[in-house]
Amino acid sequence: MDLRQGIGLRKLGKTAEEFQQDLLSNLYYRRGTTVESASARDAYETLSQTVRDRLAERRARTAAAHYASNPRWVYYLSAEYLLGAQLEQNLLYSGTGEIAAEAVKALGFSIEDLEDLDIEPGLGNGGLGRLAACLVDSMATRDIPAVGYGIRYDLGIFRQIITENGQTELPDDWAFQGNPWEFPAPDDRQTVGFYGHTEPVPGSQTRKVWVPGEIVLGEPSHMLVPGYGTETVNIVRLWSAKASEASFDLSRFSAGQYAEAVQEAVRAENISKVLYPDDSTELGRELRLKQQYFLVSCSLRDIIRRFRLRNEGWDGFAEKTVIQLNDTHPTIAIAELMRLLVDEYELEWDRAWEITRKTFAYTCHTLLPEALETWPVHLFERLLPRHLEIIYLINMLFLREVEARFPGDDDRLRRMSIIGEEPRMVRMAHLAVVGTEAVNGVAELHSKLLRETVLDDFAELWPAKFQNVTNGISPRRFVRIANPRLSDLITEGLGTDTWIRDLERLEGLERLADDASFRERWQAIKRANKVDLAAGDPDSLTDVMIKRFHEYKRQQLKVLHVITLYHRIRQDPGRDRVPRTVLFAGKAAPAYHAAKDIIRLIATVAATIEKDPVVSPYLKVVFPSNYNVTLAEKIIPAADLSEQISLAGKEASGTGNMKLALNGAITIGTMDGANIEIRARVGEENFFLFGLDAYEAANARINGYFPHRYYEHDPELRAALDALGSGAFGESGQRVASSLMSWDEYLTLADFRSYLDCQEQVEQAWHDRERWTRMSILNTAHCGFFSSDRTIADYAARIWRVAPVPVPHDD
Ligand code: F58
């Protein structure tokens with residue numbers, strides 16, 4: 001099938017000459033310049049367009065195949081996507097890497113120069129946003145008809161600068177120079193209402209008319225999401241808020257009141273201005289709820305528009321549509337679909353509810369009670385009056401159902417209600433469980449704890465609704481692209497590159513772990529990656545902790561370890577030691593002061609060690625600024641040791657743990673999140689385990705937890721905390737110490753000794769380099785399960801019940 005034939009367009013060529021021709025033609029016609037005067041930016045833009053054209057062609061064929069088969073669709077709703085840089089990915093997925101490299105050479109540039117100009121859209125905070133990106137990659141790779149919906153924030157996650165003073169935040173105007181990868185689609189613009197009031201509809205019990213007080217436009221543009229080794233190209237559709245024409249006040253402008261004239265328009269466009277980097281402030285809650293409703297309202301109308309292209313009525317809607325809610329951020333979609341069906345399309349409530357419930361599924365990503373979203377009822381009432389009425393009705397009918405199952409259990413009704421009392425809050429997680437067909441956690445332990453703790457009442461009521469789908473990561477981005485040397489060795493060792501699409505094939509490396517020459521090459525690659533990273537001595541143990549800064553993740557435990565090593569070296573300088581480079585990277589929410597104190601403390605510790613000639617030959621602490629997907633791709637291939645040291649029962653899954661293990665880093669970790677599944681697969685002898693388990697941790701306070709006792713009984717811990725308390729590492733250090741000594745929410749002191757002992761085992765293993773390399777190879781060999789292709793296969797089979805729709809080749 002070649003769609004171009006019908007319209008007389010030529011096929012884009014596959015040879016280097018043809019690619020170069022297209023490049024030159026794009027340079028001339030689209031960029032308006034010539035080879036002689038082309039700047040690096042001209043070359044970058046032109047290369048991007050030339051690559052994009054090849055994917056656009058596949059996109060057109062994908063859309064045609066989807067239209068023809070009228071399939072069941074997956075719509076992934078997510079407030080965040082951390083897609084990473086696009087050029088290298090799209091070169092790989094379009095199979096043009098080599099011919100493109102040749103062609104840009106003719107323009108006088110190297111592809112690496114141009115890749116440096118390819119800015120990643122930082123439209124997410126951390127794991128949740130990156131997971132969304134890995135999942136859309138794998139949906140395309142598995143030929144699943146899918147659209148990802150999100151928000152096109154003007155400013156992504158802040159740019160971070162680390163100095164001795166800790167973290168500074170700068171705005172991330174990621175598309176300042178344009179974004180060659182996106183396709184604006186202004187024709188598919190939507191209109192979104194906010195505020196206002198509702199009016200009854202005569203003769204109807206359930207229908208209402210909502211008269212909004214503010215109207216905002218949502219303008220979509222999309223990014224291409226190619227599958228690897230297949231023809232499918234799906235899209236991620238991102239909405240930008242645009243003021244309507246009516247919001248510009250011409251008369252005020254004419255009167256010279258320029259600021260007032262655009263006031264309303266500015267307010268409207270603020271909706272997609274900035275990504276919330278924050279889960280810890282009360283500020284801006286209204287704007288955040290506005291963002292969520294904006295995403296949901298635009299996306300649902302777009303989904304219905306797409307459904308209408310091939311279908312009539314509503315009977316088939318839930319059969320043709322599944323909408324996956326990425327955490328509770330898009331959960332207002334449940335009330336919005338009810339509103340559209342009941343108020344606008346005039347369906348009976350019960351029928352609308354049946355359709356709605358069948359359409360949605362919900363993924364939870366947390367266990368922290370403070371991370372479960374709630375909204376003040378009065379805010380909802382003002383911003384989304386009709387939605388609140390609908391939620392009240394959903395809640396009333398739901399509580400009736402509970403009452404019928406558990407008569408007279410008022411306490412249970414209170415616990416399960418979608419509306420919490422005193423203060424009155426809308427509990428989004430409850431709405432998400434009530435209004436969906438399936439609920440899943442993101443790792444075995446997480447799903448189990450959801451059923452046993454946070455959502456226990458719901459699991460008792462609807463046991464079949466609760467499932468586990470363990471997270472995964474894209475092997476393309478995090479192995480093939482990030483670590484080309486290792487990828488080539490794996491391909492050579494396995495005799496095929498099919499592992500890139502079928503990651504469990506890495507099992508074939510197991511036998512090579514016994515091959516001394518293979519081990520030698522494996523080790524040489526790790527070393528070369530460390531040289532590239534240039535973070536420290538490539539022969540030192542590269543010990544990495546890369547993730548968002550949060551007290552539950554316990555970067556502070558790692559700092560206590562570093563300070564203890566520092567003390568040991570100073571006390572016994574002559575002893576032979578394992579040289580270590582400890583690398584931290586990650587951002588803290590700007591208002592999360594305790595996390596920022598830990599960052600500042602690390603910067604101070606790093607500087608102190610650097611200045612100390614006795615310690616610095618053995619220990620170095622580095623903290624590169626601005627951790628993002630691009631930086632992760634550089635650090636991960638160079639890591640020897642992966643720090644996954646959260647307090648057990650707090651990290652839902654983790655995905656950095658998977659990326660590091662797949663690149664041959666060995667994990668030191670607790671029995672938390674997906675660590676447990678990694679350990680089960682790689683074998684306990686290839687994993688450094690320490691610390692309390694989730695049940696011990698949950699019981700610690702009940703049994704009486706006094707951090708001070710650990711301080712008293714452990715001289716090394718005492719020395720580390722005393723050093724912090726003395727102010728030797730600044731005021732941030734003092735605050736960290738006092739928080740640990742007084743309450744220690746995440747049981748850092750309880751796990752300290754076990755962690756230090758475990759680090760001794762790490763050093764013993766490191767001394768035996770053959771053993772270490774074997775462990776490293778076996779980590780890679782046994783982690784194929786953690787491919788997001790497997791995650792998607794799980795969602796497709798058990799939650800979505802969708803089948804792939806292959807897209808025909810064009811030859
Ligand atoms: C993360 N959540 C989990 N939330 O912490 C991690 O264990 C898991 O592997 C990952 O999701 C994917 O399932 C997460 O990243 C956020 O970033 C929130 C976004 C909204 C503001 C508050 C933080």
Side-chain angles (χ1 to χ4, degrees), residues 76-82 122-135 150-151 153 156-158 274-285 287-289 291-292 295 324-331 362-374 428-429 440-447 449-450 468-474 478 546-554 586-592 595 627-629 632 644-660 669-670 672-678 694 746 786 788 791 794-795:
Y76 196 78
L77 255 61
S78 177
E80 304 192 3
Y81 290 89
L82 278 173
L123 310 181
N125 275 293
L128 171 146
R130 181 55 228 180
L131 181 76
C134 285
L135 294 187
I151 300 177
Y153 303 102
I157 181 74
F158 62 85
V274 47
L275 166 83
Y276 271 88
D278 223 312
D279 43 350
S280 56
T281 53
E282 291 297 310
L283 283 165
R285 287 178 72 79
L287 187 54
R288 183 152 180 159
L289 183 57
Q291 287 187 333
Q292 297 186 351
L295 162 65
Q324 188 69 40
L325 304 173
N326 193 25
D327 217 286
T328 51
H329 319 137
T331 294
Y362 158 54
T363 305
C364 176
H365 295 266
T366 192
L367 279 163
L368 304 182
E370 67 270 26
L372 292 176
E373 275 193 308
T374 59
M428 299 311 271
N440 75 283
V442 289
E444 292 284 355
L445 175 70
H446 176 233
S447 299
L449 292 175
L450 279 181
N468 173 61
V469 182
T470 298
N471 283 166
I473 61 127
S474 163
F478 291 105
I546 47 176
K547 51 184 80 247
R548 281 298 283 242
F549 270 77
H550 203 296
E551 287 161 287
Y552 84 77
K553 294 179 188 277
R554 298 201 298 191
K587 295 174 183 177
Y592 188 177
Y627 184 61
N628 59 9
V629 179
Q644 307 301 335
I645 62 178
S646 52
L647 174 62
K650 300 293 175 189
E651 188 70 271
S653 162
T655 44
N657 48 2
M658 303 168 184
K659 294 164 196 168
L660 285 156
T670 49
D672 202 12
N675 293 355
I676 299 175
E677 289 158 78
I678 292 175
Y746 299 103
F786 299 103
S788 48
T791 307
D794 284 354
Y795 276 105

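Every number for a ligand or one of its atoms is a count from 1 in the order of the listing. Treat the numbers as computed from the prediction; the structure is a model and nothing was measured. For this chain, numbers begin at 1 and follow the sequence in order.
- Considering T328, T655, N125 only, the shortest heavy-atom separation from atom 17 (O) of ligand 1 involves N125.
- Here the side chains of N440 and S447 are not in contact, with every heavy-atom distance at 4.5 Å or above.
- In this structure, K650 fails the cation-pi test against Y746, since its NZ or CZ atom is not both closer than 6.0 Å to the six-membered ring centre and inside 45 degrees of the ring normal.
- With sequence neighbours excluded, no residue satisfies side-chain hydrogen bond (donor to acceptor under 3.5 Å, both in side chains) with T655.
- Residue contacts with ligand 1 for R548 are absent, since no atom lies close enough (heavy atoms, distance under 4.0 Å).
- Atom numbering of ligand 1 starts at 1 in the shown order; those under 4.0 Å from a heavy atom of Y552 are 5 (O).
- Atoms of ligand 1 found under 4.0 Å from any heavy atom of H329, numbered from 1 in the order shown, are 19 (C), 20 (C).
- Summarising the contacts of atom 9 (O) of ligand 1 with A132, G654, G127, the nearest heavy atom is found in G654.
- Listed by number with element, the atoms of ligand 1 under 4.0 Å from a non-hydrogen atom of R288 are 20 (C), 21 (C).
- Under the 3.5 Å distance criterion, the side-chain polar atoms of T791 are matched with a main-chain donor or acceptor of T470.
- Side chains of N326 and T363: no donor on one and acceptor on the other come within 3.5 Å.
- No heavy atom of H446 sits closer than 4.0 Å to any atom of ligand 1.
- Side-chain contact between Q324 and Y362 is absent, with no heavy-atom pair separated by less than 4.5 Å.
- Considering backbone and side-chain N/O of E80, none are found under 3.5 Å from N/O of ligand 1.
- With sequence neighbours excluded, the residues satisfying ring-ring contact (aromatic ring centres under 6.0 Å, His included) with F549 are F623.
- Put simply, CD1 on I157 and NZ on K587 are 5.5 Å apart, with the number rounded to the nearest 0.5 Å.
- Residue contacts with ligand 1 for T363 are absent, since no atom lies close enough (heavy atoms, distance under 4.0 Å).
- Shown in contact with E651 at under 4.0 Å from a heavy atom are these atoms of ligand 1, numbered in order with element: 3 (C), 5 (O), 6 (C), 7 (O).
- At under 3.5 Å, not a single nitrogen or oxygen of L131, backbone or side chain, sits near a nitrogen or oxygen of ligand 1.
- Of all the atoms in ligand 1, the ones that sit under 4.0 Å from a non-hydrogen atom of A652 are 7 (O).
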